Each structure stands twice: as C-alpha cells, then as structure tokens.
Amino acid sequence: QVQLVESGGGLVQVGGSLRLSCVASGGAFNPYAMAWFRRAPGGEREFVAAISWRGADASVYGDAVKGRFTISRDNAKNSVYLQMNNLKPADTAVYYCASGTLSFHERNYDSWGQGTQVTVSS
C-alpha cells in the first residue's frame with residue numbers, strides 16, 4: 001500500500017482559505033484516484049472530494065463543499081491538493097487523504113493518511 005502524508009491544516013477565520021497537500025510514497029500513484037474525506041468532532045467520516053488519475057476532468061465533490069473547494073493533483077510530484085476557500089465553522093474537521101478507486105464511499109479507498117486538523121473560527 002502507498003503511504004500518504006497530509007499537511008497544510010491549521011486555524012483560519014471564517015471566510016479564509018487554506019490549501020491542504022498530500023504526498024504519496026512507497027507505491028504506485030498514477031493509476032489511482034485520490035480523495036479527501038473529513039471527520040468533524042463527534043461525527044462520521046464525510047466525503048469531501050475525489051479526483052481520477054487523469055486529473056480535473058474527472059473530479060467529484062460533496063454537496064457541502066461544491067463551489068468552495070477544489071481538488072487537484074500533480075502526478076509528477078505524487079501529490080494531491082485541496083484548495084479550500086470561503087471556509088465556514090462547519091468545515092472544522094480532521095481532513096484525510098485517501099487513495100483507491102474513484103468513489104464517494106470510503107470503502108473504495110484502501111490507503112489513508114493520518115489526517116490534518118482544520119479549525120475555522122468565527
């Protein structure tokens with residue numbers, strides 16, 4: 001399995017922006033879809049966005065983030081990114097990077113990072 005390491009989380013005010021990064025190592029990156037999920041305090045893991053190995057022409061988003069978040073990837077750098085704009089307190093969560101088959105469902109992803117905390121203050 002590929003190892004995934006997220007970075008870029010932090011504390012931001014309402015309406016602000018953050019860019020999360022996830023770097024893959026130890027396995028193949030290009031054939032796989034990459035995704036971001038999140039888990040809010042006391043909640044279940046929620047789908048945020050996913051992108052196929054082809055890139056932006058095959059990406060999907062959760063309803064809560066459409067129009068505010070953008071997922072992208074750089075296959076040459078084995079990296080996937082999540083640009084988060086117009087952040088809201090409801091976006092506060094631990095964000096996880098995952099690798100697998102393009103899907104809304106976490107069961108279709110078999111490699112996961114440790115997560116990075118995003119906190120949006122009002």
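Just so we're clear, the structure is a prediction, and the values are computed from it rather than from any experiment. Atoms considered below: every heavy atom in the structure, side chains included; atoms not considered: hydrogens, waters and symmetry mates.
Of all heavy-atom pairs between T116 and G9, the closest is OG1-N, 3.2 Å. Among all heavy-atom pairs drawn from S99 and M34, the shortest one is CB-SD, 3.6 Å. The two residues S79 and K77 come nearest to each other via the heavy atoms OG-O, 2.9 Å. Nearest heavy-atom pair, S103 versus A50, reported as atom, atom and distance to 0.1 Å: O-CB, 4.2 Å. In plain terms, the two heavy atoms of S122 and P89 that are nearest each other are CB-CG, 4.1 Å.
V80 and Y96 fall into different hydrophobic clusters, where Ile, Leu, Val, Met, Phe, Trp and Tyr are joined by side-chain heavy atoms under 4.5 Å apart, directly or via other members. Follow the hydrophobic side-chain contacts under 4.5 Å out from L82 and you never reach L102; the two are in separate clusters. Taking hydrophobic clusters as Ile, Leu, Val, Met, Phe, Trp and Tyr residues chained together by side-chain heavy-atom distances below 4.5 Å, Y95 shares a cluster with V12. No path of Ile, Leu, Val, Met, Phe, Trp and Tyr side chains, each step under 4.5 Å between heavy atoms, connects F37 with L18, placing them in separate hydrophobic clusters. Both V120 and V65 are assigned to one and the same hydrophobic cluster, defined by single-linkage of ILVMFWY side chains at heavy-atom distances under 4.5 Å.
Residues passing the side-chain hydrogen bond (donor to acceptor under 3.5 Å, both in side chains) test with N85 are S17, Q83, sequence neighbours excluded. The side chain to side chain contact (heavy atoms under 4.5 Å, CB included) search around T119 returns L11, T92, Q117, not counting sequence neighbours.
By the neighbour-count criterion of 12 heavy atoms within 6.0 Å, atom CD of Q114 is sparsely surrounded, having that number or fewer from other residues, nucleotides or ligands.
Side-chain atoms of D91 and M84, non-hydrogen and from C-beta on, never get closer than 4.5 Å to each other. For the pair W36 and F69, the minimum side-chain heavy-atom distance is 4.5 Å or more. In this structure, Y81 and C22 have side chains that are not in contact, with every pair of non-hydrogen atoms separated by 4.5 Å or more. Considering only heavy atoms from C-beta on, Y61 comes within 4.5 Å of T70 through its side chain.
Residues in residues 43-55 take part in these salt bridge (Lys or Arg N to Asp or Glu O under 4.0 Å) pairs, two or more places apart or across chains: R38-E46, R45-E106, R54-D57.
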| After noting the C-alpha distance and the side-chain angles of V118 and L20, does the key distance pass the side-chain contact (heavy atoms from CB on, under 4.5 Å) rule? | CA-CA 9 Å; V118 172; L20 305 183; 4.0 Å; yes
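In this structure, the side chain of E6 engages the main chain of C97 through a donor-acceptor pair within 3.5 Å. For the pair Y32 (side chain) and A98 (backbone), a donor-acceptor distance under 3.5 Å is absent.
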